[in-house]
Amino acid sequence: MEFEPKIVAFLCNWCSYTGADLAGTSRMKYSPSLRIIRVMCSGRICPTFIFKAFQEGADGVLVCGCHPGDCHYNEGNYKCLRRFKLIEKYIRQMGIEPDRIRLAWISASEGKLFAELANEMTQTIKNLGPSTIKAQLEQMV
Amino acid sequence: MSEYDRIGIIFCDPPSGYTPVDLSDLIIFVRDNLKIPVIIDQPRYLFSDFHVLMETIRHHRLTSVILAGIRPERFRQIVRTAMTKLGYQAESVVIADFGDTWCVYESQVQNVYELLERVHSQVVDKRHQSSHIQQDTIVIGAGIAGIQASLEIANAGLKVYLIEKSGTIGGHMAKFDKTFPTLDCAACILTPKMVEVGQHPLIELMTCSEVVAVNGTPGHYKVTVRQSPRWVDVKSCIGCGTCSEKCPVKVSSEFDEGTTMRKAIYMPFPQAVPNKYLIDGEACRFIQEGKCGVCVKVCPVTGCINLYEVPREIEIEAGNIIVANGFKPFQASRIDRFGYGKYPNVLTSLEFERLINAAGPTGGEITFRTTDKKGNSVFVNDSGKPQKIGIIHCVGSRDENFNPYCSKVCCMYSLKLAHLVREKLPSAEIFEYFIDMRAFGKGYEEFYCRIQDEGVRMIRGKTARVDQIDGHLHLRTEDIIAGRMLEQDMDMIILSIGLEPADDQKKLSDILGIDVDEYGWFKAVRYEIDPVRTNRPGIWIAGVCQGPKDIPDSVVQASAAAAGVLQSIMSDRLTDSEVFPLTYMIN
Amino acid sequence: MISRVDPEFKQELHKYGLREWNECFHCGNCTAICPLTKDDNLFPRRGIRLAQMGLKKQLVSSVDPWLCYYCGECTETCPRNANPGELMMVLRRYLTSCYDWTGISRLFYTRKIWELAAIILIALGVIISFLVFLPPSPDLFSKPQAFINEQGGVMINSLANGISASRFVQLIEYGDLLMAILVAGFLISNIFHMFYRVILSDRNLKFPFYSYFTEFWSLIYNFVTQARFSKCDNRTYWIGHLLVMTGYTIMFTLIVAFLKEFQIEEIKPWYHWQRLLGYYSTFGILFFLIYTFIGRIRKTDLKMQFSHPSDWMFIVLLFFTAVTGILIHIFRVSGLPAATYFTYLIHLAFLVPMIVIEVPFSKWSHLAYRPFAVYFDRLRRAGQNRQSIVELTPAI
Amino acid sequence: MEEIRIGVYICWCGTNIAKNVDVERVAAEAGKLQGVVVARDYKYMCSDPGQDLMVKDIQEMNLNRIVVAACSPRIHEITFRKALEKAGLNPYLFQMANIREQVSWVHDDREKATQKAIDLVTGAVKRVRWQEALNKRSVKVNPATLVIGGGIAGLTAAREIARTGRIVFLVEKEKSLGGMMKKINRTFPNLDEASKYLNPIIEEVSSHPHIQVYLNSQLVKLSGYVGNFIGTVNHKETQSELEFGNIIVATGLKPFKPTPLSNYAYKRLPNIITSVEFEEMLSKGYIRLDSRQEPKHVAIIHCVGSRNPDFLPYCSRTCCQTALKFANQIKDLLPKAHVYQIYADMRSMSKGCEEMYSKTAKRGVMFLMYDQKGKLPYIREAGKNEKTRLVIEMKELLSGEQVEVTADLVILMVGMEAQETSKQLSQVLGISRCSNNFYIEKHPKLDPVATTTDGVFIVGSCQAPKEISDSASQAKAAAARVLAMINKDWVEVEVITSSVREEICCGCQICVHVCPYGAIEFLKEKKVSCVNEVICKGCGTCASACPTGAIGSRHFTEKQILAQIEGVMLQLLEV
């Protein structure tokens, strides 16, 4: 059975979640590998969420937020950008390919962009193949 | 009297020939006993310069003025103009005329004090009396506009009586499957609002009721409502439906636009509010001929169905009335060259809306219309799927022989129907015959381009006639852009019918005393900047009853009407038709 | 090629009757409802469009108006009440004035008094020349029996003073021939002008030469049967039209070609071919005239509502010609020579202007233009050997 | 810990969900999850019977957690929370899984979509276990209102509210009130003087005792929340601090500059003007060319910039009807002039406008239709010996002829686009803009004048181009919302603010610096941070920055999200 990746996506309630809904109302088709979790702001996404996702066997993590300057809470997305750069460096040491996580700014009107992003990321993850973190963790324990 | 009210008294100069007199003790009396905050003593310049007068009233923030002195009514008119310019009632200017005996003798001084006292109390009471306009509101018609208006007012903490002619609220919108341009389902938008109306403590819902008489003055309307019987008690009915199963009488369901049959005792549609059964008086055998009565026997709740219920008249006091009685679709049978009524597979857009609806006769499948054994036309799932569908725009609209106005929504809902057909029958060929494609609102033009890209053929040219030739619907159209005659054989034709004023519109306009335009739509006093205000203060119009419009505009107009009501209740006075300074009187 | 829009054209067209047709918003309902429209003949909408835009060249080169027989269904169902049917009538009048290279018919259509003046002028000319060449013999009143033949009828040819019967008929024949040549000359030149405008001026229209002849049968067939007229729902018009057309043609051929056999001295029995033909054509003409008079006055039917003076002129002249013709016959049979002579004179006074004015320059010219229009249309169709460029819909 | 009893409800949403998701299987799978007592599916969960079903279950099986898998929470979370309240359960013990917009509408493969729906429901069930009861906070409403924009919409809103005696601050960036409508000479369809309607309102608003008008001023900073906003307004180089309860945005729109459309040669050839410039000419009472003579041929071209994917892909709604109005005004002022309307679709649909269209046609105006998707009309200079200076070449669709139109004066019906300040203002107010830079309304039908930010309303053409009467209606609709809030005197505020568990707070003050609103103070004596719940807006940035997890945002706690991640990935084991 062809490998169907599982990607955990953290979407901020005001911009990217609305964008995903817009992709829905405009009936844009994209690959069903995304598992969307809604948070109030991209600033709320802390590194533990991303590592927990990998620990639970996710093949990729997508973090979405509002465009810089559009954040409903003024600065949440700047904080998320800073944390993301840190996590990107950090997961290399844990042996996770950096392409498995991705940060994207999606505004409330960019439904089409969200659909393309989902397909694109699924494709990159398919090329990388399933993540082996979960298997390694089970061997260690 | 709300804290925003301030009374001012102006002692006017006596007319020429009288010498001005010292009024100091009179002023002391007024200030100490009557506690009038603003006292102006014999201002010589005040009434000669209009802007100075306006400036003084605005500076002191006066909301009502007493003109005292000898024959002060000389100045009443100019002060009234100033007050109306500031948005207050002309009646807020009161006269205290001391008569000719200006000289302050002992005997006259006493009755001058009494006069002032009486005038002052009259002004205070008047503010009291006019502030007590009825806080309740009556909303006639429970379509999306009526529902929205009721919710706006009820959520502001005021009581609303929602009067609906049919058995359930929801109006025409409840019949639609999807709504343009976002294609979210009508039920998902309407049902929560209906639930909120059904459960709202401040909204009293009266179904099967009609307004029969309105009297009283603006702000204190006494409305008599005639509630025809449902024959099923709303409180005790548990909506189990056994009565409907056993009922022997079957009639065509007007909610499903005649595409399905329903029993004499029925629930209009599964998500109806109130979610209870009712009996159709004309169809029920017991009410017509006194036979049957099966429903009473099978009903698990004793005494729930009372077949002897009689219509009753209820008197309601209301300060404002919002009319939102919607519209009536154009009877497609009036144009016989389209063959509606003669050929089964010529449907009106409302019938198709029901056919394609998940809760419709075939669960959303598009099938041919066939006639069952008893001769009434029904839709069944296995009667085959049409492959070529034509949608004809402007049926009955933009036509001097029927309705010269444009019904504004048919272009968009035709595009939506074309999309829904494309979604359900990907292989079908869909044609739309239109004159001008009117996709004017937010997101409408993008929706129009998207439908064209989906392969729906847009043909500029109105079909003239439809004839059934050996099973196919033969269509003659001139394709103007391609410069050719089109002779096509279709499987199904959808007529995009326009909107007409509701049947009871004329009756309602007479009862309420509001005027209608030449087509029968309610007329707003100043359509350009205030489309909800009618010629009678306290009566507002909202939604399609004022003119064809789509759902977002109806919702906005309903809220606008609610604004008028809230404003009149919260500001304790009823602004009559637009308060304009004299110079701008509208002819 | 680019053509320039001309808003003035509307004013010019208004002179040919009917002012309100400009609010047509091109819904295509009239073209769709008309039973006669086909792919290239998208009238009446195309005609309205060209008239609205003032594209004179395209208007004159299109034969569409001649293919419409004014059943009135388009005007009935027009959503904007823009009278497409009546506009076709107006365009026919306009085209008549365009085909006429002399400009006389434009004069008649645009200024009605000219037409009236021309008719009166010709009538007077006929009367005077008749009185000069064929003066009434003096004893018409004193000795009427001199002109009665053995059956008691008037010997029509010998009424003139000092002119033998055969000479009388010969002179009338010369007059008829002269008139016929005149009329035919104008008519044929106008038809050729129409041919030039419709076919020749269209550079990129090429069609095989032989189709001139293969399509020619359509000209005759249509001239005789007006087959297209029968397709309109209301057929009484078609029958009425057939009657008057056959009646008129018979009378015309009798007078011009067979005058000698027709206008003879002795009174033939009623079953004689000459009488029968006479009765048939008068009946045909009278039936049509009465039907049209009632229609135009009561204005019940749509096509009768807007009567242009040129319509009335033509019917009135035909009516008087027919009436005087009948009177001649009655007076002849009842033996009143004077009455016969003078009615004969009046008969000619109505007949000649009708033929000289109406046929080439006014409404009557449609007898030629309509069949030719069908003929030219078939020529154009043969030329384009129509394959639809835009395969939009498989039009079954 | 009380025993967790969860109820799961899967909605069909007619066929919207049931078409691509096997709803029964999702319900069955959900039934097997730990703690789930009942799992049902129903055609319309948001309807009366759907909600009654849920209420009956809660009462009979005393459920204490509810999960609904249906449409987007942004639409019906409030509806279902109200249903929980009706059943006597705290509304926050509820979680929604979006299986319509984010599953059935976007995936065709039924098997994978059902699998995804099951994962999302599992995640929601796992998350709802950790949700605690929260009580909504109700806050007093400041009866003052801020109206941004002094056009017809702003003026109407200000007047409606001020008439009830409440204070209104009207901020206008220009130096005078009136906005776009001031530039308009007459309104359609009855050609009434626009000033006849506008001046009385301007007069009443500028002289109303309860309205404070701030001309050439702009809102630069905003803080606080619905009912208690504090805004700073730049007013002629002074800054004033204003307190108000609600904001009504009525900033309107501006006309499109047609210079980029080279085929219309705007500003390159003489006597080519935009519709706004023509309105100015009309208000002067005469129609003149640059050369001071009166034009004999006037051409009006529609859809300049509008319905054009490269510039304004939408329809600007009012230009067709304005063009018809212009034609009538030209015919009134210059009876002998010829008027041409060069249009794509005649969109005269409002009340009385179809009759205006037929009246205009009766007056002899020539209508020429061009293909708006194909080659646009091209304006060129006429030859030397021509009567007029300009010639328009176009392909006329109704006749199929390539024609040229002579014109002395060409009026371009320019489209309408959003104000350039809309980007800056949307950041100050925290509301989002659509792809054409107009503001996005909360829901076009459910809530057409509100925005996702409570207390901020958008009215008039700043939401989309519209007619004067619609703008006025929207203004009154927003006024109704504001008056309703003032009349009730309190409003419920979201309660998902942060809270500190002082026992594990190490006093590192990271959260104090991270908070964008300065809602966290550091208590010197206790050496712990403390959250001021009035100012906190619940973004949760502090929660993810805190090293010990002492500070957490309610309803989005660490445990809940981690549990949801587990739930979402759980299915991996069984398949």
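Because the structure is a prediction, the values reported are computed rather than measured. The sequence lines fix the lettering, A, B, ..., with proteins before strands; numbering per chain opens at 1.
- With a 4.5 Å cut-off on non-hydrogen atoms, D:Asp489 does not touch chain B at all.
- Only the side chain of D:Tyr343 comes within contact range of chain B, with heavy atoms under 4.5 Å apart.
- Contact of D:Cys434 with chain B is made through the side chain alone, with heavy-atom distances under 4.5 Å.
- Counting only heavy atoms from C-beta outward, the side chains of B:Thr182 and D:Pro444 approach each other to under 4.5 Å.
- Interface residue D:Arg481: backbone and side-chain heavy atoms are both found under 4.5 Å from chain B.
- When the candidates B:Gln199, B:Gln557, B:Lys549 are compared by the number of heavy-atom contacts under 4.5 Å with chain D, B:Gln199 comes out ahead.
- Comparing D:Ser358, D:Ser306, D:Ser316, D:Ser350 by heavy-atom pairs within less than 4.5 Å of chain B, the highest count is held by D:Ser350.
- Judged purely by distance below 3.5 Å, without hydrogens or angles, the side chains of D:Ser348 and B:Arg438 pair a donor atom with an acceptor atom.
- With a 4.5 Å cut-off on non-hydrogen atoms, D:Thr187 touches chain B through its side chain but not through its backbone.
- Between D:Pro189 and B:Glu528 there is a side-chain heavy-atom pair separated by less than 4.5 Å.
- No other option in B:Ala439, B:Pro531, B:Ala542 has as many heavy-atom pairs under 4.5 Å with chain D as B:Ala439.
- Interface residue B:Cys449: only side-chain heavy atoms are found under 4.5 Å from chain D.
- With D:Lys476 contributing its side chain and B:Gly564 its backbone, the two residues share no donor-acceptor pair below 3.5 Å.
- The candidate from D:Met181, D:Lys445, D:Lys488, D:Gln51 with the greatest count of non-hydrogen atom pairs under 4.5 Å with chain B is D:Lys445.
- No donor-acceptor contact under 3.5 angstrom links the side chains of B:Lys442 and D:Asn436, judged on distance only.
- For B:Lys178, the part sitting under 4.5 Å from any heavy atom of chain D is the side chain, from C-beta outward, and nothing else.
- Comment: D:Arg317 engages B:Asp553 in a salt bridge, judged by a side-chain N to carboxylate O separation of less than 4.0 angstrom.
- Contact of the D:Met369 side chain with the B:Ile480 side chain is not registered, since no non-hydrogen atoms from C-beta on lie closer than 4.5 Å.
- A salt bridge between B:Arg460 and D:Asp345 is present, with a side-chain N of the basic residue lying under 4.0 Å from a carboxylate O of the acidic one.
- The closest side-chain heavy-atom distance from D:Ile152 to B:Ile529 is below 4.5 Å.
- For a residue to count as touching a neighbouring chain, one of its non-hydrogen atoms must lie under 4.5 Å from one of that chain's; by this rule D:Lys86 touches chain B with the side chain only.
- Heavy atoms of other residues, nucleotides or ligands lying less than 6.0 angstrom from NZ of B:Lys523 number 12 at most.
- Of the two parts of D:Gln463, the backbone and the side chain both hold a non-hydrogen atom closer than 4.5 Å to a non-hydrogen atom of chain B.
- When heavy atoms are compared at a cutoff of 4.5 Å, B:Ile144 does not approach chain D at all.
- Residue D:Trp105 touches chain B through its side chain alone, counting heavy-atom pairs closer than 4.5 Å.
- Of the atoms belonging to B:Gln546, heavy atoms from both backbone and side chain fall under 4.5 Å from chain D.
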